[in-house]
There are 2 protein chains.
Amino acid sequence: MVKHFEKIEQLVASLDLKTQLFLDKIEKTKFFNKGDILLSAGSVCRKSFHVRSGIVRKYYIQNGKEITTDFCFEDDIALAYTSYTFQQPSTEFIDCLTDVKVSITHREQWEAAKKRFPRLLELDLLLTEIHAGALEEDLLDLRTLTATERYEKLLTQAPELLQHIKLTHIASYLNISLETLSRIRAKF
Amino acid sequence: MVKHFEKIEQLVASLDLKTQLFLDKIEKTKFFNKGDILLSAGSVCRKSFHVRSGIVRKYYIQNGKEITTDFCFEDDIALAYTSYTFQQPSTEFIDCLTDVKVSITHREQWEAAKKRFPRLLELDLLLTEIHAGALEEDLLDLRTLTATERYEKLLTQAPELLQHIKLTHIASYLNISLETLSRIRAKF
DNA sequence: CCCAAAATTTGACCTACATCAAAAAATTAG
DNA sequence: CTAATTTTTTGATGTAGGTCAAATTTTGGG
């Protein structure tokens with residue numbers, strides 16, 4: 001769930017045509033089915049998944065329980081951030097909550113592209129800044145909001161999410177047990 | 001508390017001399033006293049504070065209570081990240097827990113430097129990636145560890161911190177009440 | 001349309017940690 | 001060195017939200 005969409009658009013639009021064409025050339029469209037796993041914990045994340053349609057989820061497993069860290073919709077880029085950046089084994093899984101269409105770019109090719117078209121560094125930086133900003137916000141929320149407040153915030157900021165995603169996943173995303181979430185919802 | 005120190009060093013070392021000299025030129029050394037405030041919530045963060053000695057703390061105030069988000073020691077860069085990046089009013093304060101020596105660089109000049117020496121974009125990106133990585137780890141810890149486990153982790157990863165910093169601040173950093181932290185410590 | 005499986009709700013109980021209050025220990029200033 | 005102030009500990013009590021179990025509702029395949 002990345003915001004700041006306009007900023008990204010704007011930067012991409014300001015790139016020269018050659019760069020944009022190159023980016024198009026190194027990405028490949030693929031289709032996955034609901035339930036398919038795009039990345040497993042333990043393996044190194046070497047591709048980015050630019051979601052074109054459908055819903056993708058990032059999660060890790062803690063004591064046999066799935067903990068959702070993010071949902072990715074159209075235009076979001078799904079990747080296991082730390083694994084991708086530092087080329088370490090991922091702690092996260094990435095899977096498809098629906099049938100999905102994604103544009104895949106391999107990290108190597110993206111790195112090469114950045115070498116060849118240095119302005120892509122600006123894009124990479126912007127994306128990373130936005131990611132960090134979102135993490136800071138999540139951290140703040142987790143520290144200061146109660147379970148109910150976190151739910152309410154989600155409700156106002158991303159109500160569409162509740163239409164499409166199972167409560168189990170939403171509960172783990174909000175760091176609330178399924179039962180508690182159900183009780184919160186009962187009182188509106 | 002930034003790790004990955006070697007990576008940064010390495011990248012800086014790989015910059016050509018002109019770039020390095022330029023960086024030196026735009027930064028200014030200043031001294032502050034214990035208790036001094038480097039940035040207040042509400043104002044926009046326009047400088048970065050590279051800590052040379054002493055301890056700096058970042059925190060925000062929630063219902064009249066200070067919540068510490070980070071401690072910065074020698075070599076760390078203290079700034080209100082989101083405010084600095086997007087030039088919004090900061091939610092965070094930055095203050096000095098001890099007398100402090102810092103190198104200050106103004107954002108404008110840093111931005112200009114990036115324009116003039118594009119390889120600095122790589123440095124900026126690296127710093128942002130490291131920041132994001134740390135945030136991801138904090139988030140994971142907050143989601144999965146108990147109060148005791150968070151304290152133990154701090155104890156093994158940054159024991160020096162406990163020597164120098166008041167328990168009130170450590171408690172708020174760990175998102176634990178002061179009393180609970182005291183009880184955790186009582187049982188070693 | 002119906003049944004099996006999955007998702008959600010409801011109920012009873014429990015626990016980690018917060019809060020409030022006061023005592024004890026450590027620090028600082030005069 | 002002592003009093004005043006700050007920091008930390010200890011005690012008593014409260015509560016948000018977790019866990020386990022069972023009932024209900026929804027969903028999807030045949």
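Chain letters run A, B, ... following the sequence lines, proteins first, then strands; residues in each count from 1.
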(message) Under 4.0 Å from a heavy atom of chain B: give me the 5'-most and 3'-most nucleotides of DNA chain C that qualify.
(response) C/dC17 to C/dC20
(message) Pick the closest DNA chain D nucleotide for A/Thr148 and for B/Leu178 by heavy atoms, then say which residue is nearer the 5' end.
(response) B/Leu178
(request) Tell me, please, which residues at least two apart from A/Phe32 pass ring-ring contact (aromatic ring centres under 6.0 Å, His included). (result) none
(message) Check this for me: does any side-chain nitrogen of one of A/Arg57 and A/Asp70 sit under 4.0 Å from a carboxylate oxygen of the other?
(response) no
(request) Identify, with sequence neighbours excluded, every residue that meets side-chain hydrogen bond (donor to acceptor under 3.5 Å, both in side chains) alongside B/Gln10. (result) none
(request) In plain terms, say whether B/Glu27 and B/Arg52 are close enough for a salt bridge, that is, a side-chain N and a carboxylate O under 4.0 Å apart. (result) yes
(message) Considering every strand and a 4.0 Å limit on heavy-atom distances, what is the contact class for B/Leu181: base, sugar-phosphate, or nothing?
(response) nothing
(request) Only counting residues at least two apart or in another chain, list the ones meeting side-chain hydrogen bond (donor to acceptor under 3.5 Å, both in side chains) with B/Tyr151. (result) B/Arg185
(request) Could you check B/Leu145 against B/Lys34 and say which one's nearest nucleotide on DNA chain C is further toward the 5' end? (result) B/Leu145
(request) Answer yes if the side chains of A/Glu92 and A/Ser83 hold a donor-acceptor pair under 3.5 Å, and no otherwise. (result) no
(message) Could you tell me the boundaries of the chain A footprint on DNA chain D, defined by atoms under 4.0 Å from its heavy atoms?
(response) D/dG17 to D/dC20
(request) Using side-chain hydrogen bond (donor to acceptor under 3.5 Å, both in side chains) as the criterion, list what pairs up with B/Glu108, not counting sequence neighbours. (result) none
(request) Assess the pair B/Phe93 and B/Tyr60: is the distance between their ring centroids shorter than 6.0 Å? (result) no
